[in-house]
Amino acid sequence: MADDTQTKVPAWYGPDEIQLIQRDLLGSAAKILILCLGGKGGVGKTTIALQVADLCAEVSPVLAIDTDPANRHFHTALMQETNPGSESFVPRRPDITCFRQRLRAEDSTGRVDPTLCQDMIEHVIEAAERFVVVDFPAGDTETTRRCAEIIVESCRESNIRLAVVVAAGAVDPTALDVLRELKPMLIECDRAILAKNTAQATNFDYLESSELVKALLKQPNFRVIEIERIGERLIEALRVQNMTWQTLANTAPMRLRVEGRRLRRNFHQVWREALRP
């Protein structure tokens with residue numbers, strides 16, 4: 001069952017600040033859809049999705065969608081089984097609900113099924129939650145590219161603000177492939193963010209010297225940010241113990257809480273500034 005302490009933690013923000021955060025995230029839209037992408041596994045895509053979902057949940061309930069069938073780390077981090085081995089889950093914190101959505105056809109080709117992509121978007125449109133965060137399959141730019149037109153047009157028609165985040169590692173140049181393949185979507189969306197994950201290193205010369213990145217930086221909707229490294233003890237708490245950022249910052253043991261609180265505040269500020277219209 002869900003940990004009752006999750007519902008009793010003190011609010012991080014007062015009513016006035018919550019209104020400001022909501023404005024930063026939504027702008028004038030009725031809803032925001034945030035897609036988190038990556039070149040391959042291990043670049044921090046799911047870590048970023050969890051940070052964004054945590055910020056959004058301070059404002060209003062969040063719908064999280066895990067479309068990465070190979071890992072399901074996003075779903076596991078946000079939902080817990082009611083009984084071991086069961087297919088029944090409850091949220092780890094009451095204001096974030098996550099479900100798994102398959103996007104690729106179950107056949108020999110494994111290609112994206114546009115119908116499944118449309119099903120996901122319809123779920124987003126019909127959801128009561130105003131904040132939706134999607135963790136896309138690692139390294140599967142083909143799936144994302146084939147879904148791009150459906151996603152962009154559906155968001156425009158439904159007054160949904162679309163933000164696309166591309167996670168990049170310092171030692172993995174495949175982020176450039178993602179940027180190249182999805183350039184039309186990055187230009188058409190309301191906010192495009194290249195998030196440099198400093199977990200392994202801080203040298204991103206391959207990005208900074210790229211003509212593609214230089215061209216994207218000329219687009220008014222494109223921003224580049226750096227994601228601060230998370231220490232090993234916190235990584236263990238997040239990935240092994242499946243603690244939420246809310247738990248880390250409020251009710252975790254002191255040896256984790258102090259650093260968890262500092263990082264959480266930093267992440268919130270970074271994402272507010274990155275997503276602000």
_Which residues end up grouped with Val258 if you chain together Ile, Leu, Val, Met, Phe, Trp and Tyr wherever their side-chain heavy atoms are less than 4.5 Å apart?_
Met254
*Looking only at non-hydrogen atoms, find the nearest pair between Leu162 and Asp190 and report the distance.*
N-OD2, 2.8 Å
*How long is the span from the CG atom in Asp135 to the SG atom in Cys98, to the nearest 0.5 Å?*
8.5 Å
*Contact check, side chains of Asn266 and Arg262, non-hydrogen atoms, under 4.5 Å*: yes
*Contact summary for Leu212 and Leu176, nearest pair of heavy atoms*: CD2-O, 3.7 Å
*Looking at side-chain heavy atoms only, is the closest gap between Leu55 and Trp245 below 4.5 Å?*
no
_Can a donor-acceptor pair be found, under 3.5 Å and without considering hydrogens, that links the side chain of Lys218 to the backbone of Val213?_
no
*Can you measure from OG1 (Thr244) to CD1 (Ile96) and round to the nearest 0.5 angstrom?*
7.5 Å
*asked:* Would Glu87 and Arg100 count as a salt bridge (charged side-chain N to carboxylate O under 4.0 Å, His left out) here? Give the steps.
replied: CA-CA 11 Å; Glu87 282 298 315; Arg100 298 190 295 255; 3.0 Å; yes
*side-chain contact (heavy atoms from CB on, under 4.5 Å) assessment of Leu103 paired with Thr67*: CA-CA 7 Å; Leu103 292 181; Thr67 66; 3.8 Å; yes
_Under 3.5 Å donor-acceptor, Arg191 side chain and Ala274 backbone_ = yes
*Show your reasoning for whether side-chain contact (heavy atoms from CB on, under 4.5 Å) applies to Phe74 and Val133.*
CA-CA 10 Å; Phe74 194 43; Val133 182; 4.1 Å; yes
*asked:* Using side-chain heavy atoms (C-beta onward) and a distance below 4.5 Å, is Arg161 in contact with Pro277?
replied: yes
*Hey, could you give me the OG/CD1 distance between Ser60 and Ile32, rounded to the nearest 0.5 Å?*
12.0 Å
*Assess whether side-chain contact (heavy atoms from CB on, under 4.5 Å) is satisfied between Arg261 and Trp12, documenting all intermediate values.*
CA-CA 10 Å; Arg261 183 180 295 134; Trp12 265 50; 3.8 Å; yes
*Between Glu17 and Arg272, is there a side-chain N and carboxylate O pair less than 4.0 Å apart?*
yes
_Heavy-atom donor-acceptor pair, Ser210 side chain to Tyr206 backbone, under 3.5 Å_ = no
*Do any N or O atoms from the side chain of Lys31 and from the backbone of Ile125 form a donor-acceptor pair under 3.5 angstrom?*
yes
*Flag side-chain contact, heavy atom, 4.5 Å: Leu50 against Leu238*: no
*Give the minimum heavy-atom separation between Ile235 and Ile230, together with the two atoms involved.*
CG1-O, 3.7 Å
*Is it possible for you to say whether Leu25 and Ile193 belong to one hydrophobic cluster, with membership spreading through side-chain heavy-atom contacts below 4.5 Å?*
yes
*Verify the cluster assignment for Phe136 and Phe99: are they in a single hydrophobic cluster under the rule of side-chain heavy atoms below 4.5 Å apart?*
yes
*Might you work through the salt bridge (charged side-chain N to carboxylate O under 4.0 Å, His left out) test for Glu236 and Arg233, ending with a clear yes or no?*
CA-CA 5 Å; Glu236 180 181 358; Arg233 288 196 301 182; over 6 Å; no
*State whether Glu273 and Arg223 are salt-bridged, where the test is any N-O pair (Lys NZ or Arg NE/NH1/NH2 against Asp/Glu carboxylate O) under 4.0 Å.*
no
*If you look at every heavy atom in Asp177 and Arg180, which pair is closest and at what distance?*
OD1-NH1, 3.1 Å
*Any idea which heavy atoms bring Arg93 and Asp54 closest together, and the distance?*
NH1-OD1, 2.7 Å
*Is a donor on one side and an acceptor on the other found under 3.5 Å between the side chain of Ser209 and the backbone of Asp205?*
yes
*NZ/NE/NH1/NH2 to OD/OE distance under 4.0 Å, Glu211 and Lys214*: yes
*asked:* Does any part of the side chain of Leu194, heavy atoms only, come nearer than 4.5 Å to the side chain of Phe222, both counted from C-beta?
replied: yes
_Leu216 versus Lys183, closest heavy-atom pair with distance_ = CD2-CG, 4.0 Å
*Enter the distance from Glu129:CD to Thr97:OG1 here, rounded to the nearest 0.5 Å.*
6.0 Å
*asked:* Is it the case that the side chain of Asp95 and the backbone of Pro61 share a donor-acceptor pair, with hydrogens and angles ignored and the cut-off at 3.5 Å?
replied: no
*Using the ring of Trp271 (Phe, Tyr or Trp, six-membered ring only), decide whether Arg276 places NZ or CZ under 6.0 Å from its centre and within 45 degrees of its axis.*
no
*Asn221 side chain to Cys189 backbone, donor-acceptor under 3.5 Å*: yes
*Neighbour count above 12 (heavy atom, 6.0 Å) for Glu149 CD*: no
_Thr46/Cys36 under side-chain contact (heavy atoms from CB on, under 4.5 Å): CA gap, chis, key distance, verdict_ = CA-CA 7 Å; Thr46 301; Cys36 299; over 6 Å; no
*Check whether more than 12 heavy atoms from other residues, nucleotides or ligands sit under 6.0 Å from atom CZ of Arg239, and answer yes or no.*
no
*Does Thr198 offer a backbone N or O that forms a donor-acceptor pair with the side chain of Thr202 under 3.5 Å?*
no
*Taking C-beta and beyond as the side chain, do Gln51 and Ile227 meet within less than 4.5 Å on heavy atoms?*
yes
*Are Val43 and Ile225 in one and the same hydrophobic cluster, where Ile, Leu, Val, Met, Phe, Trp and Tyr link if side-chain heavy atoms are under 4.5 Å apart?*
no
_Donor-acceptor contact below 3.5 Å, side chain Lys45 vs main chain Pro137_ = no
*Cluster link Val270 to Leu20, ILVMFWY, side chain under 4.5 Å*: no
*Leu275 and Asp24, any side-chain heavy atoms less than 4.5 Å apart*: no
*What is the distance from atom CG of Leu248 to atom CG of Leu263, rounded to the nearest 0.5 Å?*
9.0 Å
*Are Glu228 and Lys196 ion-paired here, with the side-chain N under 4.0 Å from a carboxylate O?*
no
*Do the side chains of Glu58 and Gln22 get nearer than 4.5 Å, heavy atoms only?*
no
*Roughly how far, to the nearest 0.5 Å, is CD of Glu181 from CG of Leu186?*
11.0 Å
